[in-house]
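Presented below is the structure to which this report refers.
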Amino acid sequence: MAKFLTNREENYSQWYNDLVIKADMAENSAVRGCMVIKPYGYAIWEKIQAELDRRFKATGHVNAYFPLFIPKSFFSREASHVEGFAKECAVVTHYRLKHAPDGKGIIVDPDAKLEEELIVRPTSETIIWNTYKDWIHSYRDLPLLINQWANVVRWEMRTRLFLRTTEFLWQEGHTAHATREEAQQEALMILDLYADFAENYMALPVIKGVKTESEKFAGAIDTYTFEALMQDGKALQGGTSHFLGQNFAKAFDVQFANQEGKLDYVWATSWGVTTRLIGALIMAHADNNGLVLPPRLAPIQVVIIPIYKGNEQLGSISEIANDLRSKLEKAGFSVKYDDRDTQKPGFKFADYELKGVPVRLAIGPRDAENGTVEVARRDTLTKETINRDNVVTHVTALMEEIHQNIYRKAADFRAENTYSVDTWDEFRDIIENKGGFVMAHWDGSTETEEQIKNLTKATVRAIPFNAPAEEGKCVLSGKPSHRRVLFARAY
RNA sequence: CGGGGUGUAGCGCAGUUGGUAGCGUACUACGUUCGGGACGUAGGGGUCGUGUGUUCGAGUCACAUCACCCCGACCA
């Protein structure tokens with residue numbers, strides 16, 4: 001099996017690329033650096049969206065939509081923000097095309113130059129805070145809890161499907177609060193929301209923490225992150241939640257009258273996750289047979305495949321299959337009955353394994369006669385035959401078990417690949433030869449962090465919240481440190 | 001933006017000393033198959049990335065150009 005996929009152990013990044021294409025999730029487009037998300041990949045995104053959107057609303061947020069274009073001048077309002085994004089902005093300079101004078105093709109009309117150039121949003125803080133200025137006047141207008149689902153553009157040098165593309169989809173929450181404490185709580189609450197989603201929907205164990213000065217969002221006071229370990233030993237940042245302090249409020253002059261009638265700048269957060277989560281899903285769980293999707297995000301949770309000779313057999317098996325399908329659908333599962341006569345069962349088995357469908361039911365003449373059905377699970381590739389009457393209860397329990405199992409596998413993998421390291425030699429050896437998470441002491445200085453990055457390509461992924469206080473010496477500089485931080489090479 | 005590589009059927013590729021383009025797969029039709037990626041027969045599909053040049057003749061040689069992929073620097 002798996003002869004159609006590059007072997008994961010042989011060439012991890014080729015395996016990943018093959019998988020995205022062959023599982024029909026996405027492909028490169030005619031536009032450099034931009035991908036086409038195909039229906040199967042987009043269906044996963046829709047599931048991610050649906051659950052996150054539900055959770056955002058359950059915590060008091062509402063959706064809105066702000067413009068794709070941002071006046072260039074807005075960007076320069078917040079100094080570190082410009083600094084962070086300037087190098088990767090797409091800029092609209094003209095608003096019209098015309099036929100070339102020589103009659104060959106069309107050109108940008110030089111007479112249609114924009115008065116002020118527009119930036120294609122790499123993130124929306126500036127346009128949103130410029131708008132909030134008009135919306136917020138009193139403490140009664142607060143908190144303002146808004147999210148938007150949008151596309152953004154960051155002009156990247158090198159791109160990879162889902163992991164880094166020039167244009168990508170995400171959600172960005174932008175909230176405004178009356179007090180520092182409330183904004184900080186919001187940022188942390190969202191981080192918890194993300195982490196809970198990762199664990200319960202993506203079956204992905206994550207580490208929550210705060211970013212270092214050099215890794216934090218341009219314009220933030222604090223950036224909170226959740227980090228996951230991929231199967232090649234590299235870390236992937238799942239998403240971030242920022243406490244922005246009053247930086248944007250001051251830059252855009254967003255003040256409100258508090259209960260005493262005094263003017264004060266509002267406190268802000270912003271937070272987002274992107275289609276990159278799909279990349280994380282792939283790299284955390286998939287194997288040499290293809291995708292392994294956690295049941296709660298699988299577009300197809302159960303596939304039913306008939307095994308038959310001739311039309312009358314197909315007819316009677318279809319009757320059973322359709323009955324099972326409607327029962328499963330009633331129980332809340334998304335089910336596909338694949339009765340295509342153009343593919344053989346073996347082909348379908350391999351194909352749905354490639355696509356990571358969690359549970360497969362096969363019904364053949366033997367099953368029809370015995371009142372049974374063959375149940376195969378994607379995560380373990382094991383099969384069993386059960387009584388047809390028990391299908392719904394069995395599948396229901398199985399889905400939960402599959403979720404737990406792939407979560408446990410990922411958690412075990414992370415445990416096996418997390419090292420507590422005290423010497424530089426050991427640090428270097430593990431980063432270079434084994435990969436994984438390395439918990440080590442660090443003196444807290446940007447210079448040391450930079451040096452470690454230059455020497456090993458490893459960065460501080462997070463200062464974990466749950467790291468206990470522990471006296472030690474920085475793994476590189478030997479200076480005192482009070483806790484271990486999480487190092488890894490990262491996507 | 002540096003270093004390397006590739007452009008020939010939807011996809012993966014071959015194409016010798018220059019002689020008018022082929023294989024696998026996919027696709028279409030029909031038949032036989034169907035409990036782990038079936039087989040037979042017939043068929044359709046190409047400005048050989050683009051341009052210019054050399055030549056009686058260019059997928060093949062020369063020059064130019066464009067695009068994409070991989071590895072680095074930058075990033076979610």
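Lettering of chains follows the sequences in order, A, B, ..., and the numbering in each one begins at 1. Just so you know, these numbers come straight off a predicted model, no measurement behind them.
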Validate the cation-pi geometry between A:Arg276 and A:Phe168: distance from NZ or CZ to the six-membered ring centre under 6.0 Å, angle to the ring axis within 45°.
->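 No, A:Arg276 does not lie over the aromatic ring of A:Phe168.
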Would you verify whether the NZ or CZ of A:Lys234 falls within 45 degrees of the ring axis of A:Tyr491 while also being under 6.0 Å from that six-membered ring's centre?
->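 Satisfied, under 6.0 Å and within 45°.
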Any strand counts, and the cut-off is 3.5 Å on both contacts for Watson-Crick or G-U wobble. Which nucleotide pairs with [N]?
{"N": "B:A67", "value": "B:U6"}
{"N": "B:C11", "value": "B:G24"}
{"N": "B:A38", "value": "B:U32"}
{"N": "B:C48", "value": "none"}
{"N": "B:U54", "value": "none"}
{"N": "B:U60", "value": "none"}
{"N": "B:G72", "value": "B:C1"}

What integer number of Å spans the [atom1] atoms of [N] and [M]?
{"N": "B:U47", "M": "B:U8", "atom1": "C1'", "result": "12 Å"}
{"N": "B:G49", "M": "B:U6", "atom1": "C1'", "result": "11 Å"}
{"N": "B:A9", "M": "B:G2", "atom1": "C1'", "result": "36 Å"}
{"N": "B:A14", "M": "B:C23", "atom1": "P", "result": "16 Å"}
{"N": "B:U17", "M": "B:A58", "atom1": "C1'", "result": "14 Å"}
{"N": "B:G7", "M": "B:G59", "atom1": "C1'", "result": "12 Å"}
{"N": "B:U16", "M": "B:A21", "atom1": "P", "result": "15 Å"}
{"N": "B:U41", "M": "B:G24", "atom1": "P", "result": "12 Å"}

[X] [atom1] to [N] [atom2], straight-line distance once rounded to whole Å:
{"X": "A:Asp18", "N": "B:G12", "atom1": "CG", "atom2": "P", "value": "11 Å"}
{"X": "A:Asn454", "N": "B:G72", "atom1": "CG", "atom2": "C1'", "value": "14 Å"}
{"X": "A:His81", "N": "B:A76", "atom1": "NE2", "atom2": "C1'", "value": "14 Å"}
{"X": "A:Met157", "N": "B:G3", "atom1": "CE", "atom2": "P", "value": "15 Å"}
{"X": "A:Met35", "N": "B:C68", "atom1": "CE", "atom2": "C1'", "value": "18 Å"}
{"X": "A:Asp338", "N": "B:G36", "atom1": "CG", "atom2": "C1'", "value": "15 Å"}
{"X": "A:Arg121", "N": "B:A76", "atom1": "CZ", "atom2": "C1'", "value": "15 Å"}
{"X": "A:Asn151", "N": "B:A76", "atom1": "CG", "atom2": "P", "value": "18 Å"}

Looking at the side chain of [X], which of [options] is the nearest nucleotide?
{"X": "A:Phe349", "options": "B:A73, B:G36, B:C69", "answer": "B:G36"}
{"X": "A:Thr274", "options": "B:C34, B:A76, B:G35", "answer": "B:A76"}
{"X": "A:Pro345", "options": "B:G37, B:A76, B:C34", "answer": "B:C34"}
{"X": "A:Glu156", "options": "B:G35, B:C34, B:C74", "answer": "B:C74"}
{"X": "A:Lys344", "options": "B:G36, B:A76, B:C34", "answer": "B:C34"}
{"X": "A:Asn28", "options": "B:G37, B:C69, B:C74", "answer": "B:C69"}

Scan [X] against the nucleic acid and name what it touches under 4.0 Å (heavy atoms): base, sugar-phosphate only, or nothing.
{"X": "A:Thr123", "answer": "nothing"}
{"X": "A:Gly272", "answer": "nothing"}
{"X": "A:Thr165", "answer": "base"}
{"X": "A:Arg160", "answer": "nothing"}
{"X": "A:Pro365", "answer": "base"}
{"X": "A:Gln237", "answer": "sugar-phosphate"}
{"X": "A:Phe168", "answer": "base"}
{"X": "A:Gln14", "answer": "nothing"}
{"X": "A:Asn17", "answer": "sugar-phosphate"}
{"X": "A:Leu236", "answer": "nothing"}
{"X": "A:Lys383", "answer": "base"}

Return the orientation label for the A:Phe197 and A:Tyr201 ring planes: parallel under 30°, perpendicular over 60°, tilted otherwise.
->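 Rings of A:Phe197 and A:Tyr201: parallel, under 30°.
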Return the orientation label for the A:Tyr194 and A:Phe226 ring planes: parallel under 30°, perpendicular over 60°, tilted otherwise.
->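 Judged by the thresholds at 30° and 60°, the geometry between A:Tyr194 and A:Phe226 is tilted.
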Picking from A:Thr372, A:Val391, A:Val395, what satisfies side chain to side chain contact (heavy atoms under 4.5 Å, CB included) with A:Ile386?
->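 In the set A:Thr372, A:Val391, A:Val395, the residue that makes a side chain to side chain contact (heavy atoms under 4.5 Å, CB included) with A:Ile386 is A:Val391.
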Check the pair A:Tyr16 / A:Phe162 against ring-ring contact (aromatic ring centres under 6.0 Å, His included), numbers first and verdict last.
-> CA-CA 10 Å; A:Tyr16 174 85; A:Phe162 288 118; 7.7 Å; no
A:His81 side chain to A:Ala218 main-chain N or O, any donor-acceptor pair under 3.5 Å?
->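 Yes: the side chain of A:His81 pairs with the backbone of A:Ala218.
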Could you tell me whether a side-chain N or O of A:His285 sits under 3.5 Å from a main-chain N or O of A:Gly356, the two making a donor and an acceptor?
->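 Between the backbone of A:Gly356 and the side chain of A:His285 there is no qualifying donor-acceptor contact (under 3.5 Å).
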Side chain of A:Gln343, base of B:G37: donor and acceptor closer than 3.5 Å?
->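 No, no donor-acceptor pair under 3.5 Å.
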Is any side-chain heavy atom of A:Asp323 less than 4.5 Å from a side-chain heavy atom of A:Ile320?
->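 No, every pair of side-chain atoms sits at 4.5 Å or beyond.
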Nearest-nucleotide wise, let me know which of A:Lys457 and A:Pro306 is further upstream toward the 5' end of RNA chain B.
->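 Closest to the 5' end, via its nearest nucleotide, is A:Pro306.
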Between A:Leu354 and A:Lys216, name the one whose nearest nucleotide on RNA chain B is closer to the 5' end.
->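 Of the two residues, A:Leu354 wins.
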